[in-house]
S.K.: 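Please find one structure pasted underneath; my questions will follow.
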Amino acid sequence: MKRAVTPGTFDPITYGHLDVITRAAQLMDEVIVGVAASPGKAPIFSLEERAELARASTAHLANVRVEPFEGLLVDFARAVDAQVLVKGLRAITDFEYEFQMAALNYELERAIETVFIMSPPQYMYLSSSIVRELARLGSPVDQFVPAPVAEALARKFA
Ligand code: PNS
């Protein structure tokens, strides 16, 4: 049984994240979307809100479930018995940070492999921070996030 974690802060989940999760779900037997507490990033949505929005956005994917976590990613991956971390790579700007994280996680736990999935061109520029900024400025975000997320953003910035 190949079980992967797709980790992130998901503040909020976007179609870019969903693309990676969907493709990971096609490669793996089971995918756990690990929603990190990430207190240092001061998320606008609470951990439970982010997990709920991720659940609503992935409900159609039979082998995907969502779990919030605090602490180290490798500890979470061990706790859910995952052998693989799947991360999305958008552009060259992501590379250095992701390279550092993959190397660190390898150092912490050799038994867990990091695998990267390239974002398709239409999502190369998309990020949660861009979506938050658009929503904050009153711009529609429907083409970037699933409907429950767009509604939650509208409520947040009403
Ligand atoms: O969506 P993000 O914010 O780019 O995701 C980053 C995330 C959550 C994957 C990363 O910050 C992470 O792994 N956080 C958990 C804590 C941890 O293991 N940090 C690395 C060692 S310092």
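Every number for a ligand or one of its atoms is a count from 1 in the order of the listing. As the structure is a prediction and not an experimental result, all values here were calculated from the model.
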S.K.: Can you pull out the closest protein heavy atom to atom 4 (O) of ligand 1? Residue, atom name and distance to 0.1 Å, please.
M.R.: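 It is Lys41 NZ, 3.5 Å.
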S.K.: Say whether Ile21 and Val66 are linked into one hydrophobic cluster, either directly or through other cluster members, by side-chain heavy-atom distances under 4.5 angstrom.
M.R.: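 Looking at the clustering, Val66 is in the same group as Ile21.
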S.K.: To the nearest 0.1 Å, how far is atom 12 (C) of ligand 1 from its closest protein heavy atom, and which atom is that?
M.R.: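 For atom 12 (C) of ligand 1, the nearest protein heavy atom is Leu73 CB, 4.5 Å.
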S.K.: Are any of the protein's heavy atoms under 4.0 angstrom from atom 7 (C) of ligand 1, yes or no?
M.R.: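 No; the ligand atom in question lacks any protein heavy-atom contact below 4.0 Å.
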S.K.: Which residue supplies the protein heavy atom nearest to atom 11 (O) of ligand 1, what is that atom called, and how far is it?
M.R.: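 Sorting protein heavy atoms by distance from atom 11 (O) of ligand 1 puts Tyr97 OH, 3.6 Å first.
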S.K.: Hey, does Thr114 have a side-chain heavy atom less than 4.5 Å from the side chain of Glu98?
M.R.: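 Answer no - side chains too far apart.
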S.K.: Is ligand 1 under 4.0 Å from a heavy atom in the side chain of Leu104, in the backbone, in both, or in neither?
M.R.: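 Side chain only.
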S.K.: What protein heavy atom sits nearest atom 5 (O) of ligand 1, and how far off is it?
M.R.: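 Checking every protein heavy atom, the shortest distance to atom 5 (O) of ligand 1 gives Gly8 CA, 3.5 Å.
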S.K.: Among protein heavy atoms, which lies nearest atom 1 (O) of ligand 1, and at what distance?
M.R.: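 Here the closest protein heavy atom is Thr9 N, 3.0 Å.
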S.K.: Please indicate whether Ile92 has more than 12 foreign heavy atoms, meaning atoms of other residues, nucleotides or ligands, lying under 6.0 Å from its CD1.
M.R.: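 Not more than 12 within 6.0 Å, no.
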S.K.: Angle between ring planes, Phe10 versus His17, binned at 30° and 60°: parallel, tilted or perpendicular?
M.R.: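 Answer is perpendicular, since the angle exceeds 60°.
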S.K.: Is there side-chain contact between Ile32 and Arg3, with heavy atoms separated by less than 4.5 Å?
M.R.: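 Yes, their side chains come closer than 4.5 Å.
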S.K.: As a test of the contact definition, would atom 16 (C) of ligand 1 count as having a protein heavy-atom neighbour under 4.0 Å?
M.R.: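 So far as the 4.0 Å threshold goes, atom 16 (C) of ligand 1 is in reach of a protein heavy atom.
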S.K.: Suppose we measure from atom 14 (N) of ligand 1 to each protein heavy atom; which comes out shortest, and what is that distance?
M.R.: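 Atom 14 (N) of ligand 1 sits closest to the protein heavy atom Ala36 CB, 4.4 Å.
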S.K.: Heavy-atom contact check, 4.0 Å cutoff: does Gly71 meet ligand 1?
M.R.: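 Within the 4.0 Å threshold, so yes.
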S.K.: Please report the shortest heavy-atom distance between Asp94 and Gly88, naming the atom on each side.
M.R.: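 Scanning both residues, the minimum pair turns out to be OD2-O, 4.4 Å.
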S.K.: Going by the closest heavy atom to atom 19 (N) of ligand 1, which one wins out of Asp75, Leu72, Leu108?
M.R.: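 Answer by nearest heavy atom: Leu72.
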S.K.: Taking all atoms of both residues into account, what is the closest heavy-atom pair of Ala37 and Arg50, and its distance?
M.R.: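 The answer is O-NH2, 3.1 Å.
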S.K.: For the residue pair Gln122 and Tyr125, what are the closest heavy atoms and their distance?
M.R.: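 For Gln122 versus Tyr125, the nearest heavy atoms are O-CE2, 2.9 Å.
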